[in-house]
Amino acid sequence: MLLVLAFAPLKLRAQTLVIDGATLIDGTGRPPVPDSVVVVEGSRVVAAGPRGQVAIPPNAQVIRAEGRALLPGLIDAHIHFLDFMPQMFLRFGVTSVFDTANPTEWILATRDALNSGRIKGPRMFATGWVIDGPLATSNLNHATEIGGYKTHVENAAEARAEARRLIALGVNALKVHEGLPTELLAVVTGEAQKAGLQVVGHAEDARESVLEGGMRFLEHHRAVTHSTVRGEPARNVPEADMDPALFDPLIQILVSNNVYYNPTVSRSILHLLSKEREWSELGLQYLEDPAFRFIPEPRRQYWVRAARNLPPASVRSEREAVGRRNVEEFIRRFVNAGGKVLTGPDVAGTSGPSNLPGLAMHIEMEALVDAGLTPMQVIQASTQWSAEFLGQDRDLGTVEPGKLADLLLIEGDPLADIRNTRNIRTVILDGKIVDTTLDPNFRSPLPRPVTGGNPLEYMGPAVSRISPVIARQGDSAVTLEITGEKFTPRSMVRFDTAEVSTRFVSPTRLNATISADLLRNAGTFAVTVITPGSGGGTSNVIYFVVNFRD
Ligand SMILES: [Zn+2]
């Protein structure tokens, strides 16, 4: 292990940072280096190796790290970003994230704001919205349909146009869903390849999506299950019907085609695992910590309720136990055959309390060790292999000279117990020590545009009731009491097209005065609430009747 790059003349040198004395686990899978010295200049690692082989430059800022382990910053290879999340990733040592489905223009603007430091958070890579097959074959209740970030293509021309449109907008990869027929998937992967990008997503059948569709990143376990069950998979625990005799032929196809596999164990088969309750309780500890109150209250409450309402740890049925063993056996054989698993627990608006941003990475890492991977393999799956898939391995994923200095310093030995990755002492992003203290007032300057559907996510005001609901032509002023949600001191009431005098009482109550001149004409008039500014909106309409004069 070596080596020191030539030092630039002193006056040109950027700030030098040294991590001194840690056990270096560099993400490459090589044996750990005890008592290491890692030198960072500006944003890059310039030297890394055992003490004695790496010189400590004078005037460097030195972090003493005896008894600690130094890893590459974690890369979460599968998230669906919501705007309150960025500081949570850094808090848990996740320095890069890959978003695989969100409104395209918004997620790319957010990505650029994160990557330029305008929003504090991890580096981001993103696919924009999902390309799926013809509308009739997909489930309209799916969250991505409601959020409006999925497109349906009917034929090759549409698939090509959509892929090109997303590539022109600047996505880092293309995302597909399983409703996309294989021949259209092949069109999408062909366009991606021309642009030097990959296709990631859901698949119906792993073998066909890889061999005929050209996919190189399978999200979730479902496609593998489908390809290793003889006949139709059962609805109830289909994993129990996986035939281990079919594993190796499929693994051979996946490995020889360099397919990255993201099983989302702690999400997709959480119900088969014995630690569901333990992990939910871990999530609950954070949700109840006042430092986490920046999470929008309806969502925080939703997660708290979900964690509290989980039934007591139940014994898994024999069928569930078999299903779990099959999934874990497949993962083990896949990695031992040279396959690359990616850690990415699918943090999303639909997540449960054990799937909190950042924390979920550590839970998924534990789940992969429980499945039988070594801690070293799991660390690679969480760093080097994800960087490789993203085409970022020149800059990210390992601690080596020339790489960007995204680093994680933890207490204890993660190779002895992978849960030690949670004992985070220092997070370094782009060569700078990150203050991981959570900002209780954090609000994204780019709130996520959500157009209704999910009550946990919509931003704008909503009106449920007004009182009174009627007046008479020629009446003098009427005071309206308006009941609803998400009112702010800046909210204004509009009567027909006129803004009326509004008084903020509480987030669920406004008072408004309808003046006499608005009551001159009989009719049924729209009352709405408008909250101006970034993240604001216009409420639903509720009607007020002006009756004819006596
Ligand atoms: Zn997902």
Side-chain angles (χ1 to χ4, degrees), residues 77-78 98 100-101 125-139 142 144 149-167 171-229 232-233 238 242 246-264 268 330 334 337-342 344 346 385-386 388-391:
H78 182 171
F98 182 33
T100 67
F125 305 93
T127 64
W129 69 4
V130 178
I131 304 176
D132 202 353
L135 191 59
T137 65
S138 83
N139 177 1
H142 194 279
T144 54
Y149 51 93
K150 184 163 164 172
T151 181
H152 298 276
V153 296
E154 302 272 347
N155 53 50
E158 285 182 18
R160 185 172 299 112
E162 190 53 33
R164 287 181 179 174
R165 193 185 73 83
L166 289 164
I167 290 165
V171 299
N172 301 101
L174 295 175
K175 162 84 176 226
V176 297
H177 268 174
E178 57 272 45
L180 190 67
T182 306
E183 63 274 17
L184 299 188
L185 172 61
V187 170
V188 171
T189 54
E191 290 301 319
Q193 274 161 17
K194 278 192 252 167
L197 302 180
Q198 301 279 9
V199 174
V200 25
H202 303 183
E204 190 66 30
D205 181 272
R207 188 180 296 107
E208 193 177 307
S209 306
V210 168
L211 289 180
E212 292 162 43
M215 248 174 118
R216 294 294 176 265
F217 180 152
L218 298 173
E219 290 181 323
H220 306 299
H221 186 69
R222 191 169 170 273
V224 163
T225 302
H226 192 274
S227 297
T228 54
V229 169
E232 271 305 299
M242 291 167 71
L246 298 177
F247 288 4
D248 290 342
L250 177 61
I251 286 168
Q252 166 68 29
I253 290 169
L254 300 184
V255 172
S256 62
N257 284 284
N258 297 317
V259 175
Y260 294 80
Y261 173 39
N262 167 227
T264 64
S268 298
F330 186 91
F334 173 73
K340 289 170 178 171
V341 155
L342 299 186
D346 196 14
W385 296 345
S386 294
E388 252 176 47
F389 172 77
L390 290 164

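Position 1 is the first residue of the sequence; numbering continues from there.
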Nearest 0.5 angstrom please: [X] [atom1] to [Y] [atom2], how far?
X	Y	atom1	atom2	value
His226	His221	NE2	NE2	12.5 Å
Tyr261	Leu254	OH	CG	9.0 Å
Met215	Gln198	CE	CD	10.5 Å
Thr151	Asp132	OG1	CG	9.0 Å
His220	His202	NE2	NE2	3.5 Å
His177	Lys150	NE2	NZ	5.0 Å

Return the set of residues passing side chain to side chain contact (heavy atoms under 4.5 Å, CB included) with [X] (not counting sequence neighbours), or none when no residue passes.
X	result
Glu158	Val153, Glu154, Asn155
Glu191	Arg160, Ala163, Arg164, Ile167, Lys194
Ile253	Arg207, Val210, Leu211, Asn257

Show me the donor-acceptor pairs within less than 3.5 Å that the side chains of residues 180-190 make with the rest of the protein, sequence neighbours left out.
{"unit_1": "Thr182", "atom_1": "OG1", "unit_2": "Glu208", "atom_2": "OE2", "d": "2.5"}
{"unit_1": "Thr189", "atom_1": "OG1", "unit_2": "Leu185", "atom_2": "O", "d": "3.2"}
{"unit_1": "Thr189", "atom_1": "OG1", "unit_2": "Ala186", "atom_2": "O", "d": "3.1"}
{"unit_1": "Thr189", "atom_1": "OG1", "unit_2": "Gly213", "atom_2": "O", "d": "2.8"}

> Considering residues at least two apart in sequence or located in another chain, which fulfil the side-chain hydrogen bond (donor to acceptor under 3.5 Å, both in side chains) criterion with Ser227?
Replying inline: Asp205
> Are Phe330 and Phe247 close enough that their ring centres sit under 6.0 Å apart?
Replying inline: yes
>> If we check side chain to side chain contact (heavy atoms under 4.5 Å, CB included) with Leu390, which of these qualifies: Phe98, Trp385, Tyr260, Phe217?
In response: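 Result for side chain to side chain contact (heavy atoms under 4.5 Å, CB included) with Leu390: Phe98.
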>> Test: side chain to side chain donor-acceptor pair (under 3.5 Å). Region: residues 210-219. Which pairs qualify, not counting sequence neighbours?
In response: His78-Glu219, Thr100-Glu219, Lys175-Glu219
>> If you define the side chain from C-beta out and look only at heavy atoms, does anything of Leu166 sit under 4.5 Å from Trp129?
In response: yes
